[in-house]
Amino acid sequence: MLTRSKPTWEMPESEATSEADFLNRRELCKTIAAGSILAAGSVPLLGVGSAQAAADPSASLYPAKRNEAYKLDREITSEKIATTYNNFYEFGSHKNIWKAAQKLETRPWTVTIDGMVEKEQKVDIDTLLKAMPLEERLYRHRCVEAWAIAVPWTGFPMEALLDLARPAAGAKYVVMETFNDKKMAPGQRQFWYPWPYVETITIEEAANELSIIGTGAYGKPMPKQNGAPLRLVVPWKYGFKQIKSIVRFTFTDKAPKSFWQKVQSKEYGFWANVNPEVDHPRWSQATEKLLGTGKRVPTQLYNGYAEQVAGLYTEIQKKEKTFF
Ligand SMILES: Nc1nc2c(c(=O)[nH]1)N[C@H]1C(S)=C(S)[C@@H](COP(=O)(O)O)O[C@H]1N2
Ligand SMILES: [Mo]
């Protein structure tokens with residue numbers, strides 16, 4: 001059984017998905033499930049930089065309407081900083097990968113939904129994007145390296161993906177996988193890393209109202225360096241959970257080790273919830289640097305989202321001593 005957590009507060013009526021929208025989405029989901037997918041045909045790749053948005057066949061879906069329910073306690077980080085200071089090891093193990101990441105080819109892009117689901121599916125990205133209810137949300141983002149940004153993401157609730165995938169009753173986890181292509185991504189030639197990047201959250205976490213699949217940022221399709229065309233956004237967790245450029249969602253009853261757990265299991269846990277009191281072996285988590293402001297501020301438990309997510313963990317915390 002899925003336990004879908006109810007928000008602790010209500011969205012204003014005007015922001016809620018209307019019944020009609022919801023039905024349309026169900027219809028589209030059915031169309032996808034019926035297999036009318038994989039509208040093949042390659043989209044010309046116009047290349048890099050500012051041409052990127054123009055070349056993106058989903059450009060007309062942006063900007064999506066902002067969901068005003070999600071408020072920030074800080075300034076939105078400048079687009080320049082959020083799109084030029086990145087972690088994306090597929091393109092290099094440093095922050096300045098944004099140019100290298102323009103090599104990422106995001107069309108054609110097929111998303112596989114498999115494992116413990118009613119019916120395994122392959123969905124073309126543009127069919128998926130049109131079927132999903134896109135909205136904009138202002139979210140904080142916190143890297144375990146103790147830097148933080150605030151980003152206007154566009155995306156769809158992960159709950160909509162659960163509606164599409166229809167996981168079996170025994171499924172407990174959603175495993176997500178990044179593309180694996182040495183030709184596009186020079187970092188993936190570094191054989192000592194366990195490619196492809198993999199991350200997992202529980203289905204209960206995926207059903208939480210905060211969990212979205214990011215498809216855009218700053219009112220435009222997702223920049224390649226930020227994880228186009230699909231990346232996970234779970235803002236109460238450290239950045240390394242927010243897997244980029246997803247090609248596969250697998251539903252299982254066992255969580256495989258994540259990329260970072262395989263690299264260094266002592267440093268990276270499964271839950272990875274932001275917590276000022278649990279230090280990473282190399283970085284104190286007590287405070288965080290707000291990029292672009294010169295300011296350092298105290299870290300908040302669950303990155304400030306305790307109201308929405310603390311309830312997910314009350315039982316687990318009783319059982320697990322080292323909760324990270
Ligand atoms: N596939 C993949 N996803 C990834 C990473 C990565 O190296 N590869 N880095 C993670 C880390 S550590 C962080 S902090 C965020 C950074 O997201 P941003 O560059 O959009 O700020 O992406 C996460 N997702
Ligand atoms: Mo990170």
Side-chain angles (χ1 to χ4, degrees), residues 1-5 25-26 28-39 90 106 108-129 131-133 155-181 188 193-215 227-234 237 240-263 265 268-272 309 312-313 316:
M1 267 297 289
L2 286 183
T3 39
R4 301 280 166 88
S5 54
R25 173 148 62 86
R26 287 315 299 227
L28 278 159
C29 289
K30 267 195 248 155
T31 314
I32 291 172
S36 65
I37 47 166
L38 280 180
E90 285 81 345
T106 57
W109 192 275
T110 305
V111 180
T112 300
I113 299 173
D114 63 6
M116 298 172 70
V117 291
E118 210 166 274
K119 184 165 167 275
E120 300 196 331
Q121 310 177 46
K122 285 188 190 292
V123 187
D124 170 69
I125 184 68
D126 291 301
T127 309
L128 183 73
L129 292 175
M132 293 290 118
F156 56 86
M158 245 186 130
E159 180 122 43
L161 186 86
L162 298 180
D163 283 347
L164 173 65
R166 283 180 283 175
K172 289 202 184 78
Y173 301 98
V174 193
V175 183
M176 288 152 279
E177 202 179 288
T178 298
F179 70 87
N180 196 6
D181 186 338
Q188 292 183 325
Y193 284 114
W195 309 109
Y197 202 98
V198 170
E199 262 302 344
T200 302
I201 61 174
T202 66
I203 290 184
E204 209 192 350
E205 289 175 325
N208 186 273
E209 56 156 314
L210 286 182
S211 300
I212 61 173
I213 297 294
T215 65
L230 295 179
R231 57 99 47 93
L232 180 64
V233 182
V234 282
K237 292 180 181 285
F240 65 84
K241 293 295 289 188
Q242 339 252 332
I243 179 172
K244 294 178 168 180
S245 305
I246 299 168
V247 294
R248 181 187 296 269
F249 295 90
T250 305
F251 291 80
T252 75
D253 55 1
K254 271 185 221 79
K257 275 195 177 169
S258 72
F259 179 84
W260 288 112
Q261 282 177 307
K262 284 184 223 159
V263 171
S265 63
Y268 299 95
F270 172 77
W271 298 105
V309 300
L312 290 170
Y313 306 106
I316 298 154

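These numbers come from the heavy atoms of this one structure, side chains and all, not from hydrogens, waters or symmetry mates.
Two residues are said to be in side-chain contact when any heavy atoms from C-beta on lie closer than 4.5 Å; M158 and N208 fail this criterion. Between Y268 and V263, every side-chain heavy-atom pair lies at or beyond the 4.5 Å cut-off. With a 4.5 Å cut-off on side-chain heavy atoms, L164 and Q121 count as touching. The closest side-chain heavy-atom distance from W195 to T178 is not below 4.5 Å. Looking at heavy atoms from C-beta onward, L230 lies in side-chain contact with L128 at the 4.5 angstrom threshold.
Residues V309 and L210 approach most closely at CG1-CD1, 3.7 Å, considering heavy atoms. Nearest heavy-atom pair across V198 and P256 is CG1-CG, 4.5 Å. The two atoms that bring P157 and P133 nearest to each other are CD-O, 3.8 Å, heavy atoms only. Nearest heavy atom pair, residue I203 against residue P167, reads CD1-CB, 4.0 Å. Taking every heavy atom of both residues into account, A272 and F240 meet most closely at CB-CZ, 3.4 Å. W109 and P229 get closest at one heavy-atom pair: CE2-CD, 3.4 Å.
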Audit row: F251, V174, side chain to side chain contact (heavy atoms under 4.5 Å, CB included) steps and yes/no = CA-CA 5 Å; F251 291 80; V174 193; 3.8 Å; yes
task = Please assess I125 against T110 for the test side chain to side chain contact (heavy atoms under 4.5 Å, CB included), listing each intermediate value before the final yes or no.
result = CA-CA 6 Å; I125 184 68; T110 305; over 6 Å; no
key: T202 vs L312, side chain to side chain contact (heavy atoms under 4.5 Å, CB included): CA-CA, chis, key distance, verdict   = CA-CA 10 Å; T202 66; L312 290 170; over 6 Å; no
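At distances below 3.5 Å, at least one donor-acceptor pair connects side-chain atoms of Q188 with backbone N or O atoms of D181. Using a distance-only test at 3.5 Å, with no hydrogens or angles considered, a donor-acceptor pair links the side chain of S211 to the main chain of E205.
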Run the side-chain donor-acceptor check on residues 241-249: report pairs under 3.5 Å with partners two or more places apart or on a different chain.
residue	atom	partner	partner atom	Å
K241	NZ	E199	OE1	2.8
K241	NZ	T200	O	2.8
K241	NZ	F270	O	2.7
Q242	OE1	V234	N	2.9
Q242	NE2	V234	O	2.9
Q242	NE2	K237	O	3.0
Q242	NE2	Y238	O	3.4
K244	NZ	N87	O	2.7
K244	NZ	Q225	O	2.9
S245	OG	A228	O	2.7
R248	NH1	D114	OD2	2.4

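Listed by chain and residue number, W260 satisfy the side-chain hydrogen bond (donor to acceptor under 3.5 Å, both in side chains) test with Y197 (two or more places apart in sequence, or in another chain). Here S265 pairs with nothing under the side-chain hydrogen bond (donor to acceptor under 3.5 Å, both in side chains) rule; sequence neighbours left out. Under the rule for a side-chain hydrogen bond (donor to acceptor under 3.5 Å, both in side chains), the partners of Q261 that lie at least two apart in sequence or sit in another chain are S258. Every residue meeting the salt bridge (Lys or Arg N to Asp or Glu O under 4.0 Å) condition with E118, not counting sequence neighbours, appears here in chain and number order: R166. For the ring pair (Phe, Tyr, Trp, His ring centres under 6.0 Å) test, no residue two or more places apart in sequence or in another chain qualifies with F179. Scanning for side-chain contact (heavy atoms from CB on, under 4.5 Å) contacts around K172 gives an empty result, with sequence neighbours left out.
Here the CE atom belonging to M116 is positioned 4.5 Å from the CG atom belonging to D253, to the nearest 0.5 angstrom. Y173 contributes atom OH, which lies 12.0 Å from atom CD1 of I201 (distance to the nearest 0.5 angstrom).
Around the NZ atom of K262, the shell of radius 6.0 Å holds more than 12 heavy atoms that belong to other residues, nucleotides or ligands.
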